Novice: 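Quick one: the structure is below, and I'll ask about it shortly.
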Amino acid sequence: LEFRRVLFRSRWSPYNVQVARLQDALPGVRCGTVDKFQGQEAPVSIYSMATSRPEDAPRGMEFLYSLDRLNVATSRARAACVLVALLFSKQLYLSSLSSYYTFYLIDKFEVTMQTSQYMLFLLLLASALGSLVGGWLGDKFGRTFIIWFSIIGALPFTLILPHADLFWTGILTVVINLIMSSAMSSIIVYAMELMPNRTGMIGGLFYGLAFGFGGLAAAALGVLADHTSIDTVYHLCAYLPLLGLFAFMLPKVDRPAKA
């Protein structure tokens with residue numbers, strides 16, 4: 001293993017003095033603070049942590065030695081890419097529901113426009129409730145768990161939906177929207193915890209991506225529906241929650257709130 005392929009990462013104060021001492025002792029090694037090496041990988045990463053007194057360590061010594069925090073520091077870029085992929089799958093599926101739900105109901109079940117609008121209202125209400133409840137559950141059980149549940153938990157229902165009758169279609173779409181909408185707040189807060197000094201950028205980026213993915217998905221699915229059918233679109237979109245399997249690549253950054 002070449003020495004230049006080893007990363008020395010220093011944490012906590014004094015940053016510059018600690019880095020300088022390591023570079024003097026180990027000439028040629030790549031050495032810097034965690035922020036310098038965000039998103040980079042190496043066969044070996046060595047952490048050097050220093051603090052004048054245990055009482056001076058930010059958030060205490062338990063936080064200083066937390067393996068979860070060290071893991072996050074070396075995988076922020078990868079975790080951000082995973083969050084974008086999860087957001088894409090969620091918005092693409094929800095766009096298929098909200099944009100084409102009335103057409104799907106009229107085309108498949110021959111319901112009236114009024115009935116389809118009532119069912120669309122329930123769908124959108126479930127979306128609002130899911131976002132609200134998802135934020136509360138994220139604080140209670142941890143955002144990683146909610147992200148897993150909100151995307152993977154919806155998969156059985158999305159696979160059943162294209163084969164359901166009118167009654168169960170109404171039930172399933174409400175359940176799916178409740179579950180999948182709960183992920184939005186957890187994804188954004190998780191991303192903010194990955195980059196705590198960039199909360200404004202993260203908030204704008206993920207909100208922008210959410211609306212952007214939704215608009216692009218609506219257009220793309222409309223083209224697909226014109227060339228095939230609305231029913232085909234719903235069959236294909238049923239597998240989108242499988243992208244939620246990428247959530248296993250997310251490092252743990254939070255803990256359930258204490259009662």
Side-chain angles (χ1 to χ4, degrees), residues 83-109 111 113-141 143 145-190 206-207 209-222 224-225 230-247:
L83 291 176
V84 170
L86 298 180
L87 186 65
F88 171 77
S89 68
K90 184 182 83 72
Q91 291 301 119
L92 186 57
Y93 188 84
L94 293 181
S95 179
S96 72
L97 285 181
S98 60
S99 299
Y100 300 101
Y101 189 49
T102 55
F103 301 110
Y104 176 75
L105 294 173
I106 294 172
D107 180 70
K108 185 169 184 178
F109 302 110
V111 300
M113 179 62 72
Q114 185 179 30
T115 300
S116 68
Q117 292 298 305
Y118 284 143
M119 295 182 71
L120 179 61
F121 169 76
L122 293 176
L123 179 75
L124 298 178
L125 179 63
S127 179
L129 290 175
S131 299
L132 181 64
V133 174
W136 176 74
L137 291 176
D139 291 336
K140 188 173 182 63
F141 298 106
R143 277 161 283 282
F145 170 79
I146 296 302
I147 291 173
W148 265 104
F149 174 73
S150 65
I151 298 175
I152 299 298
L155 180 61
F157 303 111
T158 62
L159 293 175
I160 295 171
L161 179 61
H163 309 285
D165 59 20
L166 178 61
F167 173 78
W168 284 108
T169 293
I171 299 296
L172 289 172
T173 50
V174 168
V175 172
I176 291 169
N177 233 29
L178 275 171
I179 295 175
M180 296 193 74
S181 296
S182 65
M184 188 62 187
S185 58
S186 293
I187 288 175
I188 293 177
V189 175
Y190 187 105
F206 276 82
Y207 269 111
L209 287 175
F211 287 107
F213 285 153
L216 292 174
L221 293 175
L224 179 62
I230 294 290
D231 193 51
T232 300
V233 169
Y234 273 70
H235 273 84
L236 293 176
C237 288
Y239 296 94
L240 284 174
L242 284 173
L243 291 176
L245 292 173
F246 284 113

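All values derive from a computational prediction rather than experimental measurement.
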Novice: Taking all heavy atoms of Leu159 and all of Ala238, pick out the closest pair and write down the distance.
Specialist: CD2-O, 3.7 Å
Novice: Would you say the side-chain atoms of Ser99 pair up with the backbone N or O of Ser95, donor to acceptor, closer than 3.5 Å?
Specialist: yes
Novice: Could you walk me through whether Thr173 and Tyr101 pass the side-chain hydrogen bond (donor to acceptor under 3.5 Å, both in side chains) check?
Specialist: CA-CA 9 Å; Thr173 50; Tyr101 189 49; 3.0 Å; yes
Novice: Please enumerate all residues that pass ring pair (Phe, Tyr, Trp, His ring centres under 6.0 Å) together with Phe157, with sequence neighbours excluded.
Specialist: none
Novice: Is any side-chain heavy atom of Leu166 closer than 4.5 Å to one of Leu105?
Specialist: yes
Novice: When you measure from the side chain of Tyr100 to the backbone N and O of Ala218, does any donor-acceptor pair fall under 3.5 Å?
Specialist: yes
Novice: Would you check if Val84 and Phe88 make a side-chain contact, meaning some heavy-atom pair closer than 4.5 Å?
Specialist: no
Novice: Do Leu161 and Thr169 have side chains that get closer than 4.5 Å, going by heavy atoms?
Specialist: yes
Novice: On the 0 to 90° scale, with breaks at 30° and 60°, tag the Phe145-Phe149 ring pair as parallel, tilted or perpendicular.
Specialist: parallel
Novice: Between OG1 of Thr102 and CD of Gln117, what distance do you get to the nearest 0.5 Å?
Specialist: 6.0 Å
Novice: Does any part of the side chain of Ser182, heavy atoms only, come nearer than 4.5 Å to the side chain of Ile146, both counted from C-beta?
Specialist: yes
Novice: Give me the atom names and distance for the closest heavy-atom approach of Pro156 to Gly153.
Specialist: CD-O, 3.5 Å
Novice: Nearest 0.5 Å please: distance from the NE2 atom of His163 over to the CG atom of Leu172.
Specialist: 11.0 Å
Novice: With heavy-atom distances below 4.5 Å as the criterion, would you say the side chains of Leu86 and Ile147 are in contact?
Specialist: yes
Novice: Do Leu83 and Phe206 touch side chain to side chain, with heavy atoms closer than 4.5 Å?
Specialist: yes
Novice: Within the structure provided, determine whether Ile106 and Met113 are in side-chain contact (heavy-atom separation under 4.5 Å).
Specialist: yes
Novice: For a 4.5 angstrom cut-off between non-hydrogen side-chain atoms, does Ser150 reach Met180?
Specialist: no
Novice: How far apart are the C-alpha atoms of Ser127 and Ser181, what are their side-chain angles, what is the distance that settles it, and do they pass the side-chain hydrogen bond (donor to acceptor under 3.5 Å, both in side chains) test?
Specialist: CA-CA 5 Å; Ser127 179; Ser181 296; 3.2 Å; yes
Novice: Can you tell me how far NZ of Lys90 sits from CD1 of Ile187, rounded to the nearest 0.5 angstrom?
Specialist: 6.0 Å
Novice: How far does CE of Met119 sit from CD1 of Ile171, to the nearest 0.5 angstrom?
Specialist: 8.5 Å
Novice: Can you tell me how far apart OH (Tyr118) and CG (Leu120) are? Round to the nearest 0.5 Å.
Specialist: 13.0 Å
Novice: Going by the angle between their ring planes, with limits at 30° and 60°, are Tyr207 and Phe211 parallel, tilted or perpendicular?
Specialist: parallel
Novice: Parallel, tilted or perpendicular: which one describes the rings of Tyr234 and Tyr104, with boundaries at 30° and 60°?
Specialist: parallel
Novice: Give, for atom OG of Ser89 and atom CZ of Phe213, the distance between the pair rounded to the nearest 0.5 Å.
Specialist: 9.5 Å
Novice: State, to 0.1 Å, how close Ala210 and Met184 come at their nearest heavy-atom pair, and which atoms those are.
Specialist: CB-CE, 3.5 Å
Novice: Please find the pair of heavy atoms, one from Leu178 and one from Ala126, that lie closest to each other, and give the distance.
Specialist: CD2-O, 3.3 Å
